[in-house]
Number of protein chains: 2
Amino acid sequence: MRNRKAGYACKHCPVETTLDIIGGKWKGVILYHLMNKTCRFNEMRRLMPGISQRMLTLQLRELEKDGVIHREVYPVVPPKTEYSLTAFGETLKPIIQEMKRWGDRYEHHQEQQLEDVDQNKA
Amino acid sequence: MRNRKAGYACKHCPVETTLDIIGGKWKGVILYHLMNKTCRFNEMRRLMPGISQRMLTLQLRELEKDGVIHREVYPVVPPKTEYSLTAFGETLKPIIQEMKRWGDRYEHHQEQQLEDVDQNKA
DNA sequence: CTCCTTAGTTACATTCATGTGCCTACGTCA
DNA sequence: TGACGTAGGCACATGAATGTAACTAAGGAG
């Protein structure tokens with residue numbers, strides 16, 4: 001997300017605010033992985049084969065700026081950086097977990113839709 | 001969202017699936033309003049001053065296709081169309097409500113950050 | 001002395017999402 | 001007879017989001 005430059009849906013809608021933080025193509029998944037454990041940069045790349053180096057950096061920076069994750073740089077060589085949820089980021093866990101559960105259910109729902117085909121309606 | 005044409009983050013991540021449905025600039029807010037009550041098309045436009053006619057149509061169509069909302073057209077004149085959550089869409093309520101609550105808390109958090117400024121870190 | 005690794009950065013290109021403006025059908029109201 | 005309101009559709013334009021490729025620093029391994 002983070003595309004609010006084009007204007008907000010309604011003024012001050014908290015749902016919109018939340019989606020600003022965790023929406024977008026990658027952030028949800030990033031947070032999902034960080035929920036389990038602290039991760040290094042390339043470790044996350046391996047967890048998310050689809051993401052490019054650049055995008056991962058950008059998304060992590062935004063999450064950091066929003067105070068959701070913490071970035072710990074170790075001045076060693078080769079470089080070592082660890083990402084983890086902040087205490088505030090931990091408060092996102094219920095949302096992410098709900099989203100995971102719902103996502104599972106949705107996939108199940110999709111299969112059913114293929115059977116229903118016609119008599120849908122609620 | 002619905003920008004997965006460029007590929008998925010990880011294969012089969014339920015969080016990603018969920019964000020496909022409710023992510024994007026408008027869908028969260030649309031669902032937020034439909035959680036409270038059935039709405040007509042122009043009624044929603046009034047609730048979300050920022051959205052254009054075209055985008056509202058597009059988003060509603062996608063939500064309908066995903067089986068989350070129901071579109072009831074009354075063959076009267078002037079046209080009347082009512083949008084409501086399907087039973088399946090109702091299952092999204094916990095997520096939307098969590099997002100609303102978190103959004104509220106986040107705004108509160110931001111104010112604090114302005115004070116902390118330096119000694120942040122978790 | 002060359003290559004490997006990590007965690008980036010930068011410039012450039014493209015694709016997707018979203019926005020704008022104009023058009024319609026029909027019945028009602030003035 | 002003409003304007004109004006609803007729920008859109010369509011063509012076109014723009015900008016945001018994302019992708020690709022090449023580059024870097026520093027120490028260790030060979």
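Convention: sequence-line order gives letters A, B, ...; per-chain numbering from 1.
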Practice task
Check the distance between D:dA17's P and A:L19's CG and give it to me in whole angstrom.
Solution key: 14 Å
Problem - B:T18 (side chain) donor-acceptor with B:P14 (main chain) under 3.5 angstrom - result: yes
Practice task
Respond yes when some side-chain nitrogen or oxygen of B:K25 is under 4.0 Å from OP1 or OP2 of C:dG19, and no when none is.
Solution key: yes
Problem - Basic-acidic side-chain contact under 4.0 Å: A:E90, A:K93 - result: yes
Exercise for the section: Work out which heavy atom in A:L34 is nearest to a heavy atom in A:L85; give both atom names and the distance. Expected result: O-CG, 3.9 Å
Exercise for the section: Select base, sugar-phosphate, or nothing to describe what A:S52 touches, counting heavy atoms under 4.0 Å on all strands. Expected result: base
Practice task
Return the residues of residues 36-44 of chain B meeting this criterion: a heavy atom under 4.0 Å from some atom of DNA chain D. Order them by number, or give none.
Solution key: B:R40, B:F41, B:N42
Handout entry: Spacing between A:K27 atom NZ and D:dT18 atom C1', to the nearest angstrom
Key = 13 Å
Handout entry: Base of C:dT9 paired with side chain of A:R54 (donor-acceptor, under 3.5 Å)
Key = no
Handout entry: Shortest non-hydrogen contact from A:V29 toward B:V15
Key = N-CG1, 4.3 Å
Practice task
Would you kindly give the CG-to-C1' distance between B:L56 and C:dT20, to the nearest whole Å?
Solution key: 16 Å
Practice task
Measure from CE on A:M55 to C1' on D:dA17 and round the result to the nearest Å.
Solution key: 6 Å
Exercise for the section: For D:dG5, take OP1 and OP2 only and decide whether either is under 4.0 Å from a side-chain N or O of B:R46. Expected result: no
Practice task
Could you check how far CG of B:L58 sits from P of D:dG8, rounded to whole Å?
Solution key: 11 Å
Handout entry: Distance in angstrom units between A:Q53 CD and D:dT24 P, rounded
Key = 15 Å
Handout entry: Selection: residues 74-84 of chain A, any non-hydrogen atom under 4.0 Å of DNA chain C
Key = A:P78, A:P79, A:K80, A:T81, A:Y83
Practice task
Of all the heavy-atom pairs spanning A:E82 and A:Y74, show the shortest one and how long it is.
Solution key: OE1-OH, 3.2 Å
Exercise for the section: Identify which one of B:R71, B:E43, B:E72 satisfies the side-chain hydrogen bond (donor to acceptor under 3.5 Å, both in side chains) criterion when paired with B:Y83. Expected result: B:R71
Practice task
Remember a base hit wins even if backbone is also touched, and classify A:R45 as base, sugar-phosphate or nothing at under 4.0 Å, heavy atoms.
Solution key: nothing
Fill in the blank from the handout: Separation between OH (A:Y32) and CG (A:L47), nearest 0.5 Å, reads 11.0 Å
Problem - Basic-acidic side-chain contact under 4.0 Å: B:E98, B:R101 - result: yes
Exercise for the section: Using atom types as modelled and distance alone, determine if a side-chain donor or acceptor of B:T17 lies under 3.5 Å from a backbone N or O of B:C13. Expected result: yes
